[in-house]
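Sequential numbering from 1 along the given sequence is applied to the chain's residues.
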Amino acid sequence: MADAPARCAEACLASGEPMLGSAINVDVWLMLEYRLAWHAKATDHNSLPASTQHWLSATVERYTALGKKARVQFIRRPERDHDLTLFVADRGRLTRLDATNYAEFDALDLTLDALETVDEPQYFVCTNAKRDLCCSRLGRPAYARLHALVGGRAWQTTHTGGHRFAPNVLTLPDARLYGRVFADDVERLVASIEAGEIAWDYLRGTTAYPAVAQVAERAASPGARLLTCEADCATFELSADGADAQRQTLRVGPGEAVYESPPSCGKPVDQYRPLRVLEVETT
């Protein structure tokens, strides 16, 4: 019985369920190092100092007031036992602060303070066993392979959503969430990311985009920039030529295929039709 949740990722892989459009929509990622045991909902139930918990909540509220969706994640590296790191990824820009204790974070206003900019890609693998066993059983080997390839740029992280697509890897600063990145797939993923490319075969979505735009991005012309996203379509700009710039509008809706997500973490079986691009118009 204990192994049942660990099979959810394999069940979804066998079903052929598409991943594109399944990433959570986040504008600002707050990645805080926390080395103690992670609970199922780690960022809600933990042993952080009360002042740091308050600071995290207040920071999320500040971003909300600015119209941005912020999400807190815990991160760690098992081989690391000194200093504490905070990463902040805000729509394409990644910054970092290293501290000796949590109190050093408590006075930060991340909407104002300028932290050290990080240019090299960072990799965050969900390994939160208390949330779902498949994230740990499949995620840890992926992390080990990542660490062997990129060293200190690989981190373990708490639940990123969609554990049925484990192993899940979040890359920053490009804010893309990848799924089914098994240990044998890591080298291929890293090669694409380090070359500044998108690893389309593993992409669940660009987290700065809502689901409709995540799906539309795959069918848009390379390098297109998202302009607007509505309930059933996304518009991308193809060039930066002012009023004469070409635009693509992609209409998105549920496909015909019906998939069934396996029960896990107490959630019932769910049936749904993944989104797909229905029409592309260039003007």
Query raised in the report: Take atom CD in E104; do more than 12 heavy atoms of anything else shown fall under 6.0 Å from it?
Result: yes

Report task. Compute whether any side-chain donor of one residue and acceptor of the other, for Q73 and T43, lie under 3.5 angstrom apart. Result -> no

Query raised in the report: Which pairs with one or both residues in residues 51-67 pass salt bridge (charged side-chain N to carboxylate O under 4.0 Å, His left out), sequence neighbours excluded?
Result: none

Query - F74/Y34 under ring-ring contact (aromatic ring centres under 6.0 Å, His included): CA gap, chis, key distance, verdict - result: CA-CA 6 Å; F74 286 159; Y34 181 77; 4.6 Å; yes

**Report entry** Between T59 and W55, a side-chain donor and acceptor under 3.5 Å
**Finding:** yes

Report summary line: Going by chain and number, the hydrophobic cluster around L278 (ILVMFWY, side chain to side chain under 4.5 Å) further includes none

Report task. Just do the salt bridge (charged side-chain N to carboxylate O under 4.0 Å, His left out) check on D184 and R145 with the steps written out, would you? Result -> CA-CA 8 Å; D184 290 343; R145 183 62 184 141; over 6 Å; no

Query raised in the report: Just by modelled atom types, is the A175 backbone N or O under 3.5 Å from a matching donor or acceptor in the T207 side chain?
Result: yes

Query raised in the report: Pick one: which of R247, R225, E281 meets side chain to side chain contact (heavy atoms under 4.5 Å, CB included) with T235?
Result: R247

Query raised in the report: Taking it one step at a time, do D27 and R71 satisfy salt bridge (charged side-chain N to carboxylate O under 4.0 Å, His left out)?
Result: CA-CA 8 Å; D27 297 310; R71 180 180 174 96; over 6 Å; no

Query - side chain to side chain donor-acceptor pair (under 3.5 Å) partner of T206, chosen from E217, Q214, R218 - result: E217

Query raised in the report: To which residues is I24 joined in a hydrophobic cluster, defined by side-chain heavy-atom contacts under 4.5 Å among Ile, Leu, Val, Met, Phe, Trp and Tyr, whether direct or through other members?
Result: V26, W29, M31, I75, F87, L94, V118, F124, W155, L170, L172, L177

Report task. Heavy atoms only: give me the nearest P18-P274 pair and the separation to one decimal. Result -> CD-CG, 3.9 Å

**Report entry** Distance-only donor-acceptor check, side chains D98 and T85, under 3.5 Å
**Finding:** yes

Requested in this report: Output all residues satisfying salt bridge (charged side-chain N to carboxylate O under 4.0 Å, His left out) with R273, sequence neighbours left out; order by chain, then residue number.
Outcome: none

**Report entry** Counterpart residues, salt bridge (charged side-chain N to carboxylate O under 4.0 Å, His left out), relative to R76 (two or more places apart)
**Finding:** none

Report task. Would you tell me whether Q53 and N46 have side-chain atoms, one donor and one acceptor, within less than 3.5 Å of each other? Result -> yes

Requested in this report: Only counting residues at least two apart or in another chain, list the ones meeting salt bridge (charged side-chain N to carboxylate O under 4.0 Å, His left out) with R251.
Outcome: none

